[in-house]
Structures are given as C-alpha cells and as structure tokens.
Amino acid sequence: MPAEVQQGMSRAASVLAALGASTSGPMRASDLSRATGLGASTMARLLGTLEELGYVRKLPDTQGYTIGHAILALASAGLNQNPVHREARAPAQELAQRVGLSVNVAVPEGTSVIYLCHFEGHLAPKSHTMIGLTQPIHASALGKAVLLGTSEDERRELLGEGPFPRYTSHTITTHEALTRDLKTAADRGTCIEEQELALGRLCVAAPIREATGDVVAAISISGRLSVMRTQGIDALGEDVIETADRISVGLGMISAVPPRP
C-alpha cells in the first residue's frame, strides 16, 4: 500500500475514532484538530471527503460533526454477519424480558471483550446501548467466562505477568487469584463479577461454545447488587447457563457439556 494512502486512511480513522469517543456530542472541526493533532486545512479536506462518503454528518445548526449513516450501516452489517450475534440475539432478548435485568453477549478481542448484544429488562433501563463497547477480560464476568476456555499458560501469554489493572478494591490483579476464581467458576458453571469493575454492580455469566466445544463468546445477566441478590444469584445462574446452552446448540454444539481434553 502506498505510504500516502496508508497515511490518509490512518488520519481518517483518527477522526472517526475521535468522533466515536466524544462524550459531549457533536465536535467542530477545531475540536477534531485538537483531538487528532491534524492541521486545520488537513482536517477540512478530510471532513469534506468523509462527509461526501457518508462516514460523518455535519449538523447545520451547530456546525458540529457526528458519525454518519455509512458507519451505522457498516456496523449493522458486521453484526448481522457475525454468527454469534445471529444465534444469540433472540435468546438474549427473551432472557432480559424474563428476568427484567440487563443481558449482554460479548466476544473476546485481545485483552478485552466487546459487546455484540445488549438488552434491558424493566429493572435495568439505560439511556445508551452497550453494543460495541468493551470491558477488560480479567475484571468482568463476561471476560472470565471467555477465559474458561484457556489454560494458565495461554492467559499469561495474553495478559502478561501482571499485575492486571485494578478498577476497585475487589478487582482480581494476579494470575494466581484469577486461576482460583476460574476453577471455582468451572465447577459452578458460571462466572461471577461482584464489584470488580464498578462498585454496586454484580454480574453472572456463562460461556458460549461452538461446534468444536471451544468457547467463542459469553452471555451475562447484570444489574445493581441489591436487585441481583433479591432475584437470587443461583436462579439467575441457571437462567444464564440455559440460555448459553441454547445459543451453543445454535452454533452447532451437539452437547451442552464441553468435551474433556
């Protein structure tokens, strides 16, 4: 790839990333220049091209820019092409409606998991979607459920020797503690995250497996600590295992019980 083409793509990606990361709504060209380090003239040319292609949208009243329809269409196509999303969407939505809490499905992406599905029950309304967001793999129930398919050596290669980033006083930060937690989770069938990522939150997750028995994703039920305890962690664990098994069967797994090595 010619260097100038690669540079142009990198600059465009930095603009889109800045828009996606904005927590204050639309961004003006000057805001994007400061966020990306690109000059005003370069930014003007980039925004003109991205707007023409539909990747950004200019709001006439504010002169600000937001993510355009082409990005939304690509994201939708990516989700619809993902087999985990296709198989998990209906069961996850049904589970959220039944338990009244948040239900999420995520897949591994490096040292994180990325959300593919997000549904809300009446006890856990949100003003935003979680789809596309990430969580650290070591500090989330979804992440730990994905790690159930790994050995300690594989986890050391993935996460390094540690300590892992700490988010609360409850966060697991060492391989030794993580291995103990995963062993307990494997015996129980679910991974539990109690205030490891955010105080006052509790999450229970189960692994999703494909035809080979390999863990390819995870599904979780989450909510406020008090609400989750009122609902009953054991009962919610049974619900999430049942739904995970249903999705796994949809992905081609014949038995809900993973094969032993």
Of Ile241, Ile208, Asn104, which meets side chain to side chain contact (heavy atoms under 4.5 Å, CB included) against Ile219?
Ile208
Of the non-hydrogen atoms in Cys191 and Leu182, which two are nearest, and what is the gap between them?
SG-CD2, 4.5 Å
Non-hydrogen side-chain atoms of Ile67 and Val56 separated by less than 4.5 Å
no
Does atom CD of Glu157 have more than 12 heavy-atom neighbours from other groups under 6.0 Å away?
no
Backbone N/O of Thr173 and side chain of Arg166: donor-acceptor pair under 3.5 Å:
no
Residues at least two apart in sequence or cross-chain that pass ring pair (Phe, Tyr, Trp, His ring centres under 6.0 Å) with Phe164, listed by chain then number, are His138, His175
Has Ser140 got a side-chain atom pairing as donor or acceptor with Pro136's backbone, closer than 3.5 angstrom?
yes
Dump the intermediate steps for side-chain hydrogen bond (donor to acceptor under 3.5 Å, both in side chains) on Ser151 and Asp153, then the final yes or no.
CA-CA 5 Å; Ser151 66; Asp153 287 343; 5.2 Å; no
Ile221, Asp239, Thr243 screened by side chain to side chain contact (heavy atoms under 4.5 Å, CB included) with Val103, the one that passes:
Ile221
Less than 4.0 angstrom from a charged side-chain N to a carboxylate O is my criterion; do Arg229 and Glu194 meet it?
yes
State whether Lys144 and Glu196 are salt-bridged, where the test is any N-O pair (Lys NZ or Arg NE/NH1/NH2 against Asp/Glu carboxylate O) under 4.0 Å.
yes
Within the distance-only criterion (no hydrogens, no angle test), does the side chain of Asp181 pair as donor or acceptor with the backbone N or O of Leu178 below 3.5 angstrom?
no
Below 4.5 Å, heavy atoms only, C-beta onward: do Met253 and Asp245 meet side chain to side chain?
no
Heavy-atom distance under 4.5 Å between the side chains of Arg28 and Arg34, does that happen here?
no
Keeping Gln195 on the side-chain end and Leu202 on the backbone end, is there a donor-acceptor pair under 3.5 Å?
no
Counting only heavy atoms from other residues, nucleotides and ligands, does the tally under 6.0 Å from CZ of Arg224 exceed 12?
no
Could you tell me if the side chain of Thr150 sits less than 4.5 Å from the side chain of Leu147, heavy atoms only?
yes
Backbone N/O of Ala18 and side chain of Ser22: donor-acceptor pair under 3.5 Å:
no
Look only at the side chain of Thr171 and the backbone of Thr168, and say whether a donor-acceptor pair between them is shorter than 3.5 Å.
yes
Sidechain N-carboxylate O distance under 4.0 Å for Arg156, Glu176
yes
I'd like to know if the side chain of Ser222 reaches the main chain of Cys203, judged simply by a donor and an acceptor atom lying under 3.5 Å from each other, with no hydrogens or angles considered.
no
Is the backbone of Leu38 close enough, under 3.5 Å, to the side chain of Arg11 for a donor and an acceptor to pair up by distance?
no
Is any side-chain heavy atom of Arg45 less than 4.5 Å from a side-chain heavy atom of Ser41?
yes
Can you confirm whether more than 12 heavy atoms, excluding those of Glu154, are under 6.0 Å from its CD atom?
yes
Ion pair check, Arg89 and Glu94, cut-off under 4.0 Å:
no
Counting only heavy atoms not in Arg57, do more than 12 sit closer than 6.0 Å to its CZ atom?
no
Heavy atoms, side chains only, cut-off 4.5 Å: are Arg155 and Thr179 in contact?
yes
Residue pair Leu142 / Tyr115, side-chain heavy-atom distance below 4.5 Å
yes
Does any N or O in the side chain of Thr184 come within less than 3.5 Å of the main-chain N or O of Arg180, such that one atom is a donor and the other an acceptor?
yes
Given side chains that start at C-beta, do those of Val240 and Thr190 come closer than 4.5 Å, heavy atoms only?
yes
Write out all pairs satisfying ring pair (Phe, Tyr, Trp, His ring centres under 6.0 Å) with one or both partners inside residues 5-61, taking only residues at least two apart or from two chains.
none
